[in-house]
Amino acid sequence: MERERHAGKTAIVTGAGNGIGRATVRQLAAEGAKVIGCDLNEQALTETSAMLDDRGLSATLAVADITSQQDVERLVADAGGSIDVLANVAGIMDHFVPLGELDDDLWDRVLAVNLSGVMRLTRAVLPGMVERASGAIVTVASKASTSAGASGAAYAASKHGVIGLVKSIAYFYGPQGIRSNAVLPGGVTTAIGATAAPRSEWAFQRAQLSMATMPPAADADRIAEVVSWLASDEASFVNGATVAADGGWATA
């Protein structure tokens with residue numbers, strides 16, 4: 001860790017209650033940022049707080065729903081409105097459900113969290129970044145952003161959509177000093193497994209053909225390191241990039 005890498009910066013991290021989000025809160029806090037982490041799970045945030053305490057670190061942790069415009073506005077306002085770094089980490093899986101077995105509720109929920117939530121929070125921090133002509137947005141996408149065998153239909157669609165959003169932000173706001181990039185993890189040890197339990201046996205068997213080449217799952221810290229670098233001044237000329245952090249899975 002570069003302990004002064006993010007000194008003086010304010011960062012919002014979603015999905016702070018576990019996995020990559022929790023690791024990113026720890027990473028950015030250890031590197032000098034003032035971190036505001038949010039999650040829907042209050043108990044998980046309590047565990048994140050204890051983890052930070054054990055390491056002599058601190059962050060402001062808030063219960064917030066990124067699918068709620070009211071919660072998003074409150075989160076940004078409570079952070080002071082001046083956000084230097086936004087790490088869009090929160091996400092859910094879709095139980096590997098194929099399109100023919102997909103219901104509207106699952107589709108709406110997955111896109112609300114994985115795509116619309118990213119849009120809402122990014123939209124909320126943009127005015128301040130534009131005013132200061134500076135800002136770094138890092139969004140956790142997925143191996144499923146570029147392929148179809150790593151998830152069901154809703155998750156794949158949401159993560160493909162995230163890439164379009166990331167690139168659109170980079171194109172339109174890059175000239176105004178704002179960078180937008182994506183990290184594409186493969187398998188990672190996180191609590192997302194609760195929404196990954198397969199509901200369609202034949203579809204999951206089909207997905208396993210793709211997953212047969214997947215390297216061992218990464219520790220969430222490895223992904224947080226990439227998020228931190230992309231958000232840092234060291235990556236000042238990186239904009240609109242999709243950075244694979246999947247142990248080489250995408251090369252298979």
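Quick caveat, the model's predicted, so the values are computed rather than measured.
- Every side chain to side chain contact (heavy atoms under 4.5 Å, CB included) that Lys167 has, sequence neighbours left out, goes to Ile163, Thr242.
- No side-chain heavy atom of Ser180 sits under 4.5 Å from any side-chain heavy atom of Tyr171.
- Partners of Arg109 under the salt bridge (charged side-chain N to carboxylate O under 4.0 Å, His left out) rule, at least two apart in sequence or in another chain, do not exist in this structure.
- No side-chain donor-acceptor contact under 3.5 Å links Trp229 and Gln27.
- Panel note: side chain Asn181, backbone Gly240; a donor-acceptor pair is recorded below 3.5 Å.
- The main-chain N or O of Lys159 is found under 3.5 Å from a side-chain atom of Ser145 such that the two form a donor-acceptor pair.
- Contact annotation: the side chain of Glu131 never approaches that of Pro127 to less than 4.5 Å [non-hydrogen atoms, C-beta and beyond].
- Taking all atoms of both residues into account, the shortest heavy-atom contact from Val25 to Gly37 is CG2-CA, 4.4 Å.
- Considering all non-hydrogen atoms of both residues, Val13 and Gly21 come closest at CG1-O, 3.6 Å.
- Leu75 and Leu40 sit in two unconnected hydrophobic clusters of ILVMFWY residues. Membership requires side-chain heavy atoms under 4.5 Å apart, directly or through other members.
- From Ile36, atom CD1 reaches atom CG of Leu28 across 10.5 Å, with rounding to the nearest 0.5 Å.
- Under the 3.5 Å distance criterion, the side-chain polar atoms of Arg22 are left unmatched by any main-chain donor or acceptor of Leu45.
- For the pair Val72 and Ala124, the tightest heavy-atom approach, listed with the atom from each and the gap, is CG1-CB, 3.6 Å.
- Take Asp78 and apply the salt bridge (charged side-chain N to carboxylate O under 4.0 Å, His left out) test, not counting sequence neighbours, and it matches no residue.
- The shortest side-chain heavy-atom distance between Arg199 and Glu101 does not fall under the 4.5 Å cut-off.
- With sequence neighbours left out, Ser228 forms a side chain to side chain donor-acceptor pair (under 3.5 Å) with Arg5, His6, Glu31.
- In this structure, the side chain of Ser151 engages the main chain of Ala156 through a donor-acceptor pair within 3.5 Å.
- Residues Val85 and Ile12 are not in side-chain contact: their nearest non-hydrogen atoms beyond the backbone lie 4.5 Å or more apart.
- Of the possible donor and acceptor atoms, one in the side chain of Arg179 sits under 3.5 Å from a partner among the backbone N and O of Ser232.
- In this structure Arg74 satisfies the salt bridge (charged side-chain N to carboxylate O under 4.0 Å, His left out) test together with Asp71, sequence neighbours excluded.
- Asp84 pairs by the side chain to side chain contact (heavy atoms under 4.5 Å, CB included) definition with Lys9, Thr10, Arg132, not counting sequence neighbours.
- For the pair Asp246/Pro185, no side-chain contact is recorded, criterion being any heavy-atom separation below 4.5 Å from C-beta on.
- In the displayed structure, Glu42 atom CD is contacted under 6.0 Å by at most 12 heavy atoms of other residues, nucleotides or ligands.
- Side-chain contact between Trp249 and Ser210 is present, with at least one heavy-atom pair separated by less than 4.5 Å.
- Under the 3.5 Å distance criterion, the side-chain polar atoms of Ser168 are left unmatched by any main-chain donor or acceptor of Gly164.
- Between the side chain of His95 and the backbone N or O of Pro198 there is no donor-acceptor pair closer than 3.5 Å.
- Side chain of Ser68 to main chain of Ala64: no donor-acceptor pair is present (N/O by atom type, distance under 3.5 Å, no hydrogens or angles).
- In this structure, the side chains of Phe96 and Gln208 stay at 4.5 Å or more apart for every pair of heavy atoms.
- Of all non-hydrogen atoms in Asn239 and Ile178, the two that sit nearest each other are ND2-O, 3.7 Å.
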Worksheet item: Does the pair Asn88 and Thr122 meet the rule for a side chain to side chain donor-acceptor pair (under 3.5 Å), with working shown?
Response: CA-CA 8 Å; Asn88 290 307; Thr122 305; 3.1 Å; yes
